[in-house]
Number of protein chains: 2
Amino acid sequence: MTVGIRDVARAAGVSTATVSRALGKGPVSEALRAQVDAAVRATGYRPNLSARRLRSQTTQTVGLIVADIRNPFFTAVSRAVEDAAYGAGMRVILCNTDEDAAREALYLRLMEEERVSGVIFAPTRTTAEALGPGDLPFPTVFIDRAGPPGLHDSIVLDNAGASAALVDHLVARGYSRIGGLFGSTSSTARERRDGYAAAMARHGLEAQARAVLPQAEAAEMAAAAWFEGPERPDALVLSNGQMLMGAFRAARGRGLRIPSDLALAGFDNEPWTDLVDPGLTVIEQPVAEIGTQAMRLLFERIANPDQPVRKVTLSGRAIFRGSTGAA
Amino acid sequence: MTVGIRDVARAAGVSTATVSRALGKGPVSEALRAQVDAAVRATGYRPNLSARRLRSQTTQTVGLIVADIRNPFFTAVSRAVEDAAYGAGMRVILCNTDEDAAREALYLRLMEEERVSGVIFAPTRTTAEALGPGDLPFPTVFIDRAGPPGLHDSIVLDNAGASAALVDHLVARGYSRIGGLFGSTSSTARERRDGYAAAMARHGLEAQARAVLPQAEAAEMAAAAWFEGPERPDALVLSNGQMLMGAFRAARGRGLRIPSDLALAGFDNEPWTDLVDPGLTVIEQPVAEIGTQAMRLLFERIANPDQPVRKVTLSGRAIFRGSTGAA
DNA sequence: ACAAGCACTGAAAACGTTTTCACAAAACGT
DNA sequence: ACGTTTTGTGAAAACGTTTTCAGTGCTTGT
């Protein structure tokens, strides 16, 4: 029924070995290569990738495991990863964990079964801390979030520095009751919280940090409760773009005026953040670069498994807008 | 080196056939099944999916081909598709075509080589019109956009009706120089344009439609040029959420007041559309349902290849906001 | 008690490629 | 002109599973 390499071989009058070599990069004379090409076209042959992978023991596939593709940060990173992968003739298996360690374990097992060439992984803190030396039997690059210390390549943001920059800016604009609402699941959120706390201490201010699931709804509820409570902050730092959106919603719902009643600052320069009124002060992350660099690190690790572990730290870019009383 | 099914068989003291059956759903006695489970645990065996696919001739994989995952519409649909797929033990191969017919052809070929069980596809108009009866050698469900007429299952929006609803609303609010800026690449954009034109005609108004690439930047430039020109509209209908964002940017850049100088209405209830001031009137699409229904149609088609072609038409929900002078 | 069926198991074939191996012919160095 | 390499080719093995086929031992119905 379906046409295989032996049909092509028969049509071209050569052996299957020659067809395979003509399609790949083996040494084949020009004459035979032309015959094979013609036979491929005539038969409409499509190589069976499962068979190829089984025999060649290389899948040309990478896994990409993130919390939720609907978070625009991961959307953008994923797109960059996919472009780089397809550009290099590789496929991507995308998995959404929803910050759930059980699903992370499930997908890591799937990656083993797929015999992926490598994995790009943004883990929860739980998983990152539980992972030991031999637990990932494939090259792995951690992105956005730290993996187990010292074991794998990674590419992260200078989270503490970025948080501190936001706090410094808020203090300079005259805010003092600066609260921080951070994600509860990632090392990144924790680093942002620590950077916030350190900067607050440096300014002699009392840090007020809370943690929730890093999603818009959870942040909206937490922020709303905070605004109702006895210690209403005059500024709020949010740990990512989704939470920033939640906080903005909560402020609007309470009728708070920004930036006079409340300043807002956060992470991720999502396209809408300069569309609202006032625009929101954010730390822009180099999303495309994170994706392409992650693939680069992974390729190099695959090519050279024993090279020393590398950690790439990128800087965010602060964009000051009206939500913190800036221009 | 790597542990295979024969190692498990040896460890369990049974044949590979029995291991395979114990792991699958074959008939195996309880005693042996327990031995096999123990051996699997002891050896840390991970089945090789490439080998399984090759032998069993079923890949349990579906392709998902969309224009750009960064478009929140496709992001949400993709997430729903992936959830449904993984929930049924299938994998997803995601491809971004950037509205490019050449890349569509490339990825369709890839789907053949992967021997996917089926494909979910949002094609450009070019490709949809070029596709003949035998061109897709796998079950295919078209989403968001029409495929070749009558050949495949599909799930689309009532685009013309939704457009007309927007026009009717704008007319009721007193607007009359209502322009339409639509995507140039999809049947969907064309249907929205036609629905717009028909509604305008019904109201005795002159339709003014333009078409550009369905992206924020292109729409912003086109809208800006339109606002500068001699025939500035007093309302604009946009063909998707990205273009709506572009038009909103252009209006703000020109200092136009919404809704007094200009009304804005479009498609896709993206999270930011009710965050800007004024909120934007949109047609909300049932994104999650589109994704899950697409997978359902695909599963049913795979299970029963010869059943009649089905076309599911979903209705959008109009959400009237300040950008059209609504409450 | 015996034929017929049933439930379970193992040996071996099969899936569609790539790769190894052996070898013939051509090219090369002296 | 003669070994020695190089180049190109085909036959067959190999990749790691699932599935077919042919039992074997039990149960069942009569």
Side-chain angles (χ1 to χ4, degrees), chain A residues 1-37 39-40 43-61 89 91 109-117 137, chain B residues 1-37 39-40 43-61 89 91 109-117 137:
Chain A
M1 187 59 224
T2 164
V3 26
I5 202 175
R6 36 195 349 129
D7 302 293
V8 178
R10 197 172 313 122
V14 299
S15 71
T16 61
T18 298
V19 175
S20 176
R21 284 189 276 251
L23 265 40
K25 54 176 164 36
V28 181
S29 69
E30 270 315 308
L32 286 197
R33 189 180 297 270
Q35 286 181 42
V36 169
D37 285 353
V40 165
T43 55
Y45 169 69
R46 295 281 181 274
N48 182 316
L49 292 185
S50 294
R52 173 175 294 177
R53 291 185 181 124
L54 172 60
R55 174 59 236 222
S56 66
Q57 296 288 80
T58 163
T59 58
Q60 303 285 82
T61 300
R91 332 252 163 277
R109 175 175 317 216
L110 172 63
M111 294 305 145
E112 287 191 59
E113 299 187 351
E114 292 278 1
R115 303 294 193 270
V116 291
S117 304
Chain B
M1 184 62 224
T2 165
V3 27
I5 201 173
R6 32 189 359 124
D7 302 293
V8 178
R10 196 172 315 121
V14 299
S15 71
T16 62
T18 296
V19 175
S20 175
R21 284 189 276 250
L23 264 40
K25 53 176 166 33
V28 181
S29 68
E30 270 316 308
L32 286 197
R33 189 179 298 271
Q35 286 181 44
V36 169
D37 285 353
V40 164
T43 55
Y45 170 68
R46 294 282 180 272
N48 183 316
L49 292 185
S50 294
R52 173 175 294 177
R53 290 183 182 125
L54 172 59
R55 173 59 233 221
S56 66
Q57 295 289 77
T58 163
T59 57
Q60 303 284 82
T61 301
R91 334 252 163 275
R109 175 176 317 215
L110 172 63
M111 294 306 145
E112 287 191 59
E113 300 187 350
E114 292 277 2
R115 303 293 194 271
V116 291
S117 303

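None of the values given here were measured: they were computed from a predicted structure.
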inquiry  = Any non-hydrogen side-chain atom of Arg53(A) less than 4.5 Å from a side-chain atom of Thr61(A)?
reply    = yes

query = Between Arg91(B) and Glu114(A), does at least one N-O distance fall below 4.0 Å, as a salt bridge requires?
reply =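 Judged by the 4.0 Å cut-off on N to carboxylate O distance, Arg91(B) and Glu114(A) do form a salt bridge.
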
ask   = Given dT9(C), dT17(D), dT17(C), which nucleotide is nearest the side-chain atoms of Tyr45(B)?
value = dT17(D)

key: Pro27(A) side-chain proximity, nearest of dT17(C), dG8(D), dA12(D)   =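 Closest of the options to the side chain of Pro27(A): dG8(D).
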
query = Which sits closer to the 5' end of DNA chain D, Thr16(A) or Glu30(A), going by the nucleotide each is nearest to?
reply =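 The residue mapped nearer the 5' terminus is Glu30(A).
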
query = DNA chain D: Arg21(B) or Leu54(B), which has the more 5' nearest nucleotide?
reply = Leu54(B)

Would you kindly give the [atom1]-to-[atom2] distance between [X] and [N], to the nearest whole Å?
| X | N | atom1 | atom2 | answer |
| --- | --- | --- | --- | --- |
| Leu49(B) | dC15(D) | CG | C1' | 15 Å |
| Ile5(B) | dT19(D) | CD1 | P | 11 Å |
| Leu23(A) | dT19(C) | CG | C1' | 15 Å |
| Lys25(B) | dT18(D) | NZ | C1' | 11 Å |
| Arg10(A) | dG10(D) | CZ | P | 14 Å |
| Arg6(B) | dT18(D) | CZ | C1' | 13 Å |
| Arg46(A) | dC15(C) | CZ | P | 21 Å |
| Glu114(A) | dG16(D) | CD | P | 16 Å |

Residue matched to dG23(D) through Watson-Crick or wobble contacts both under 3.5 angstrom = dC8(C)

Hey, is the side chain of [X] poking within less than 4.0 Å of OP1 or OP2 on [N], counting only N and O atoms?
| X | N | value |
| --- | --- | --- |
| Gln57(A) | dG16(D) | yes |
| Ser15(A) | dA11(D) | no |
| Ser29(A) | dT9(D) | yes |
| Arg55(B) | dA14(C) | no |
| Ser20(B) | dT18(D) | yes |

remark   = On DNA chain C, more 5' by nearest nucleotide between Gly13(B) and Ser56(B) is Gly13(B)

Backbone N/O of [Y] and side chain of [X]: donor-acceptor pair under 3.5 Å:
| X | Y | answer |
| --- | --- | --- |
| Thr43(B) | Val8(B) | no |
| Arg33(A) | Ala22(A) | yes |
| Thr59(A) | Arg115(A) | yes |

task = Apply the test side chain to side chain contact (heavy atoms under 4.5 Å, CB included) to residues Leu23(B) and Val40(B): give CA-CA distance (whole Å), side-chain angles for both, the deciding distance (0.1 Å), then the verdict.
result = CA-CA 9 Å; Leu23(B) 264 40; Val40(B) 164; 4.0 Å; yes

ask   = Which part of the nucleic acid does Leu32(A) contact within heavy-atom distance under 4.0 Å: base, sugar-phosphate only, or nothing?
value = sugar-phosphate

message = For a quick check of understanding: with a heavy-atom distance under 4.0 Å over all strands, which category does Arg33(B) fall into, base, sugar-phosphate or nothing?
response = nothing

